[in-house]
Structures are given as C-alpha cells and as structure tokens.
Amino acid sequence: MLDLRLIRERPEGVARALATRGGAEADRVKHVLAADARRRARVKEADDLKAEHNQASKEAGRQYRGNIPEDVREAMRARSDRIKALDDEIRGIDEEIAQQMLDIPNLPHPSVPVGASEADNPEVRRWGTPRDFTFTPKAHEELGEALGLLDFERAAKLAKSRFTVLWGPAALLERALSQFMLDLHTREHGYTEVWTPHLVSGDTMLRTGQLPKFEEQLFKTVEPDDSRTLYLIPTAEVPLTALHGGEFLAEATLPRRYVAFTPCYRREAGTYGKDMKGMIRQHQFDKVELVKVTTPAQSYDELESMVKHAEEVLRRLDLPYRVVELCTADIGFNAAKTYDLEVWLPGQGKYREISSCSNCEAFQARRAEIRYRPAGGGRAEFCHTLNGSGLAVGRTLIAVLENYQDADGSVTIPQALRPYMGGLERLTALAQ
RNA sequence: GGAGGGGUGGCCGAGCCCGGUUGAAGGCGUCCGACUCGAAAUCGGAUAGGGGCCCAGAAGGUCCCUCGGGGGUUCAAAUCCUCUCCCCUCCGCCA
C-alpha cells in the first residue's frame with residue numbers, strides 16, 4: 001500500500017510513476033484524491049460535533065447527577081444520532097479509499113529502467129560459461145523420465161497436470177538441494193531458519209499484498225461451516241514477511257534476516273499452454289526463501305547482498321546464470337525494485353528464471369504495520385521488507401539435471417551436493 | 001467435543017462486580033538531564049498509536065478515534081448486553 005499522504009501531496013508524480021508500469025492504476029489516484037477530500041470534510045464536521053457532544057455530556061453528568069431533564073436528553077440524543085450518521089458516511093468513504101489503495105501497486109524505485117515488457121529488462125551480469133556439449137542435451141523431462149526419476153503420468157493420476165512425482169535419487173536430490181541451500185544461508189550468510197504455517201489467513205495474504213488482487217492464483221481451503229478459510233502459501237515470503245505484522249521492532253535488532261524452506265502452491269491460472277512440459281511451472285514446488293526486514297536507510301544495500309546470497313547457490317553448484325534487472329513494466333505488484341536470477345538450461349537453450357529478489361520498501365510494511373523504533377528515539381517508522389528466492393528448488397533440480405547430463409543419459413552429481421546425497425556421484429536409470 | 005479462564009499502552013499488569021472526574025494506576029523498557037574520568041547504581045523528568053484542523057513546514061497547539069473485532073443500550077462504555085475471532089487451563093478423543 002502506498003502512503004496516502006504521498007498521493008495527496010504529489011498526485012501527478014505518483015500517477016506518472018504508476019503509469020510506467022503500464023497498468024491503468026494511475027486513474028485510481030484521481031479517485032482516491034477525490035474521496036480523500038470528501039472524507040476530510042466529513043471528518044471535520046463530525047469531529048466538531050463530537051467535541052461539542054463530549055463537552056456537553058460531561059457537563060450534564062456533573063450538573064444533573066444522573067437526573068437529566070427530558071428536554072436536555074432529547075437534544076443530546078438528536079446530536080448523537082447526527083454523529084452516528086456522519087460516522088457511517090465516513091466509514092463508507094474509508095472503505096472506498098481502502099479498496100482503491102489495496103489495488104494500487106508499489107511505485108518503482110527511480111533507478112528502475114523504464115520499459116514496456118520483459119524484453120526491456122537489462123542484463124546486469126553473467127557468470128559461468130554454458131557447457132559445450134558433444135551431444136544434443138536433452139530437456140529435463142525427457143532425461144528424467146528416461147531415468148525413471150521424474151514421473152509426470154502418475155502425478156497427473158494422483159492430482160492433475162502440473163504436478164510431478166520424484167522417485168528415489170531424484171527425491172533425494174530435491175532434499176539435498178534444499179538442505180544445501182538452507183545450510184549455506186544459515187551458516188554463511190547469517191539468516192535465521194524459520195518454520196512456519198503453510199496455510200495462512202486471508203488477513204495475512206492481504207498484509208503481504210497477495211489479496212485482494214491475486215485471489216485467483218491461490219489455493220484455499222473449503223470450510224464445512226462458516227469459519228475462516230485458509231490459503232495455501234504461494235511462497236514463504238508470505239508467512240516470513242507477515243511474521244512481524246503489527247509489531248514494533250527495535251532498530252538495533254534490524255535487519256532481520258530469515259530463511260525458510262516451504263512448499264509453494266500456485267494455481268497458475270491464465271498460464272494454460274505455457275511451460276506445460278516438465279516441472280518448470282508446477283502447482284506445487286519447494287522453495288528456500290529469503291526475507292529481510294530492514295530500515296529504509298539500508299534496504300537497498302540489503303537487496304544487493306541478498307542477490308549475492310542467491311547467486312552463491314548457483315556458483316557453488318557451478319551452474320551458469322545471469323542477473324537481470326526488471327524494468328518498470330515487469331516488476332511485481334509489491335516490488336519497488338527487482339533482480340531476477342536466470343539459470344542456463346541447455347535443454348531449452350536459454351536462461352530461465354530461478355530466483356527473484358525484490359525490495360518492497362514500505363509497501364508491505366504499511367499494509368502489515370511492521371514498524372521500528374529508531375535507535376536515537378523518535379517516532380516509529382515503517383520498516384522496509386525484502387524477499388528473494390534462494391532458490392526455487394524444483395527449478396534448481398532441473399538445472400542440475402540438464403547441465404550435468406552425460407551422453408549416456410546419466411547425470412553427474414555436483415560436488416557440493418555429494419555430502420548431502422550419501423556420497424552418490426551419479427544418477428543412473430532407476431531399476432524397478 | 002465438554003467445562004472454565006483470559007484478550008488493556010513498546011512489554012508486563014491494575015481497572016471491569018458499583019458506567020462519568022481513567023486514554024488508562026504501578027512496574028519494566030526506552031529517551032533526556034543530574035551525579036561520574038567514564039560506566040553501573042541512584043535521583044529528577046519525558047515516553048501509546050492513528051486521524052482532522054491551525055502552522056509554509058518543523059516545533060508546538062487543539063480536537064477526534066482507538067482498551068481483540070462487529071453490533072447494541074445510554075446524554076455518557078475499557079467498564080453493561082450481544083455476536084464473533086483469537087489465546088490459555090482441565091477433561092475427553094486422536095496423532
């Protein structure tokens with residue numbers, strides 16, 4: 001959520017910045033502005049009336065000691081009713097404003113390149129050299145199925161498409177990757193590991209910006225009675241960021257650096273036909289997620305280091321990748337600035353997203369009311385929140401399969417993972 | 001599922017039976033000052049959040065709202081009624 005005060009003070013600037021994202025949200029600024037003006041007029045009216053009423057009420061109590069004459073009562077009741085009516089009206093306007101505000105995306109940071117589509121995302125750097133294959137590298141789904149390790153048919157039988165069953169060493173590889181990443185981030189990068197609920201309330205989803213706008217992307221529970229429905233998390237960003245919702249953090253305890261391994265559940269509505277083969281785009285996938293809660297002053301330094309932390313995973317696995325900066329048209333709803341990590345997939349012959357690291361500035365903190373108290377005293381301020389994949393485990397598994405495949409269809413296990421796989425050096429066809 | 005207890009300011013905790021002078025005692029924490037070479041201890045003071053208006057703005061002033069959330073009673077509600085959410089304890093059940 002944006003700061004309403006900012007909209008009030010610099011409406012054209014906000015509208016202009018929003019327009020670079022390409023959506024129609026800039027128009028909402030006008031509506032908010034108009035509603036806000038109406039609201040303030042009503043609030044003033046109501047407040048004046050309340051001041052009068054409170055004063056009179058106190059005096060009446062003191063003066064009549066409980067025996068208030070009927071005519072005085074009558075007058076007071078009338079005023080009380082008028083106040084109630086005004087409050088109702090204000091509440092209506094508040095809802096109108098909130099509804100608009102909740103759908104307005106974050107403002108891109110001034111450094112974010114203006115662009116019209118993902119084609120305008122500039123490459124920041126590249127690491128590693130794609131391997132020179134002496135044979136035609138296979139796509140992971142072909143490779144995995146041939147080895148009997150990836151099973152899409154049975155997954156579809158169990159659930160539907162966009163699910164995968166991992167057999168034997170592939171399941172182990174998924175687990176090894178997860179643990180490798182967690183160890184790296186907790187032991188070397190200073191993150192605290194957190195285990196959270198995977199089902200969260202609608203309020204939590206609202207706080208981190210998933211609701212109300214992206215409801216169709218979420219899986220949710222169906223409750224037998226009228227009790228609250230819960231949503232399956234689409235990313236651990238949700239529970240990790242909302243962790244400190246409504247809290248005041250001491251500045252000395254910032255930045256908070258959290259890492260969580262969780263499954264992620266996404267409906268992938270509107271992506272029919274996209275990435276239908278293999279396990280690139282799934283309804284369920286594992287991810288090691290990094291989240292930071294910082295002060296505004298250090299949030300952009302923290303973004304740079306977070307990207308480095310995610311990159312380190314790929315470096316240790318010796319997987320070629322590049323870093324791109326998302327342009328205004330491509331950054332997500334919550335983000336002010338985002339870097340994507342794209343790993344080289346020989347089977348597709350291109351770089352594919354494997355991590356996305358964003359600084360959301362105060363956008364989520366304002367929704368979730370995550371504040372900090374400045375060290376030198378003074379009023380509490382909203383924190384800045386950041387999140388990044390470190391990394392998407394399923395896609396990392398794909399990258400390992402494709403980059404480490406050999407001519408005979410087997411796959412070499414990267415050195416860094418062997419300790420996590422009982423010393424296993426190679427994936428070969430699973431006999432069964 | 002049954003029975004009971006509770007949700008108050010950054011934190012802890014009183015107030016609720018007997019509605020008004022309590023936006024809220026006390027403690028902790030934090031900040032400022034004194035003392036000190038410095039610190040601790042001690043002493044003095046300050047310290048909820050949000051919103052409106054005045055002010056160019058800050059400072060400051062003033063008013064309004066908020067005692068889990070909604071609704072109600074009342075001139076007046078943290079205090080009474082009601083619905084609801086959450087937490088805790090005991091019993092039962094299940095893992």
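Heavy-atom basis, side chains included; hydrogens, waters and symmetry copies ignored. Within every chain, numbering begins at 1; the chains are lettered A, B, ... in the order of the sequence lines, protein sequences first and strands thereafter. As the structure is a prediction and not an experimental result, all values here were calculated from the model.
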Rounded distance (Å) that lies between atom [atom2] of [N] and atom [atom1] of [X]:
| X | N | atom1 | atom2 | value |
| --- | --- | --- | --- | --- |
| Lys44(A) | C63(B) | NZ | C1' | 8 Å |
| Glu369(A) | G50(B) | CD | P | 9 Å |
| Glu247(A) | G49(B) | CD | C1' | 15 Å |
| Ile83(A) | G52(B) | CD1 | C1' | 15 Å |
| Asp36(A) | G52(B) | CG | P | 7 Å |
| Ile90(A) | G51(B) | CD1 | C1' | 10 Å |
| Leu86(A) | G52(B) | CG | C1' | 14 Å |
| Phe382(A) | G50(B) | CZ | C1' | 9 Å |

Which heavy atom of [X] sits nearest a heavy atom of [Y], and at what distance?
| X | Y | result |
| --- | --- | --- |
| Thr328(A) | Val114(A) | OG1-CA, 3.3 Å |
| Arg154(A) | Asp151(A) | NH1-OD2, 2.7 Å |
| Val194(A) | Ala260(A) | O-CB, 3.3 Å |

Using the [atom1] atom in both, what is the distance from [N] to [M], to the nearest Å?
| N | M | atom1 | value |
| --- | --- | --- | --- |
| G19(B) | C67(B) | C1' | 15 Å |
| G7(B) | G13(B) | C1' | 13 Å |
| G92(B) | C81(B) | C1' | 33 Å |
| G29(B) | C11(B) | C1' | 7 Å |
| G6(B) | G69(B) | C1' | 16 Å |
| U22(B) | A77(B) | C1' | 12 Å |
| A78(B) | C65(B) | P | 10 Å |
| G33(B) | G27(B) | C1' | 22 Å |

Item checked: Residue pairs, two or more places apart or on separate chains, that pass salt bridge (charged side-chain N to carboxylate O under 4.0 Å, His left out) and touch residues 414-432 of chain A ->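 Passing the test, one end in residues 414-432 of chain A: Asp406(A)-Arg426(A).
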
Just name whichever nucleotide pairs with [N], Watson-Crick or G-U, keeping both distances under 3.5 Å, else none.
| N | result |
| --- | --- |
| C90(B) | G2(B) |
| A39(B) | none |
| G23(B) | none |
| C53(B) | G61(B) |
| G29(B) | U47(B) |
| U79(B) | none |

Margin query: Both Asp87(A) and Glu70(A) contact RNA chain B. Which one's nearest nucleotide lies toward the 5' end?
Written below: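 Nearest nucleotide further toward 5': that of Asp87(A).
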
Next item on the list: Between Asp47(A) and Met76(A), name the one whose nearest nucleotide on RNA chain B is closer to the 5' end.
Entry: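 The residue mapped nearer the 5' terminus is Asp47(A).
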
Item checked: Residue pairs involving residues 155-174 of chain A (criterion ring-ring contact (aromatic ring centres under 6.0 Å, His included); sequence neighbours excluded) ->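 Only Phe163(A)-His283(A) qualify under ring-ring contact (aromatic ring centres under 6.0 Å, His included).
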
Next item on the list: Kindly state each residue pair satisfying ring-ring contact (aromatic ring centres under 6.0 Å, His included) with at least one member in residues 228-263 of chain A, sequence neighbours excluded.
Entry: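 For residues 228-263 of chain A, and leaving out neighbouring residues, the ring-ring contact (aromatic ring centres under 6.0 Å, His included) pairs sorted by first residue read His244(A)-Tyr258(A).
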
Please confirm whether the backbone N or O of [Y] pairs with a side-chain atom of [X], one donor and one acceptor, at under 3.5 Å?
| X | Y | result |
| --- | --- | --- |
| Thr204(A) | Val200(A) | no |
| Asp330(A) | Leu326(A) | no |
| Arg367(A) | Leu102(A) | yes |

Next item on the list: Mind running a 4.0 Å heavy-atom check of residues 2-11 of chain A against RNA chain B and sending the residues that fall below it, in number order?
Entry: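 Correct list: Arg5(A), Arg8(A).
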
Would you say [X] reaches [N]'s phosphate, i.e. side-chain N/O to OP1/OP2 under 4.0 Å?
| X | N | value |
| --- | --- | --- |
| Arg73(A) | U74(B) | no |
| Arg77(A) | C75(B) | yes |
| Arg91(A) | G71(B) | yes |
| Asn54(A) | C64(B) | yes |

Check: So does Asp48(A) reach the base of G52(B) with its side chain, donor to acceptor, closer than 3.5 Å?
Finding: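 Side chain to base: no pair below 3.5 Å.
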
Out of [options], whichever nucleotide has its closest atom nearest the side chain of [X]:
| X | options | answer |
| --- | --- | --- |
| Ala60(A) | A48(B), C63(B), C75(B) | C75(B) |
| Lys50(A) | C64(B), G49(B), G20(B) | C64(B) |
| Arg371(A) | G50(B), A76(B), C64(B) | G50(B) |
| Lys84(A) | C53(B), C63(B), U73(B) | U73(B) |
| Arg39(A) | G49(B), C75(B), G51(B) | G51(B) |
| Ser80(A) | G71(B), C75(B), C64(B) | C75(B) |
| Phe248(A) | C53(B), G49(B), A76(B) | G49(B) |

Item checked: Letter per nucleotide, 5' to 3', of nucleotides 54-59 of chain B [B base touched, S only sugar-phosphate touched, - untouched; heavy atoms, 4.0 Å] -> ------

Next item on the list: Mind checking side chain to side chain donor-acceptor pair (under 3.5 Å) for Gln100(A) and listing every partner two or more places apart, or none if nothing turns up?
Entry: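 Here the qualifying residues are Arg28(A).
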
Check: How long is the gap from NZ on Lys277(A) to NE2 on His140(A), to the nearest 0.5 Å?
Finding: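 Answer rounded to 0.5 Å: 10.0 Å.
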
Margin query: Would you say that more than 12 heavy atoms from the other residues, nucleotides or ligands in this model lie under 6.0 Å from the CD of Glu12(A), or not?
Written below: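 Yes - once you tally the heavy atoms of other residues, nucleotides and ligands closer than 6.0 Å, there are more than 12.
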
Item checked: Distance-only polar pair, side chains of Lys292(A) and Ser299(A), donor-acceptor under 3.5 Å ->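 Their side chains do not contain a donor-acceptor pair, so the 3.5 Å distance test is not met.
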
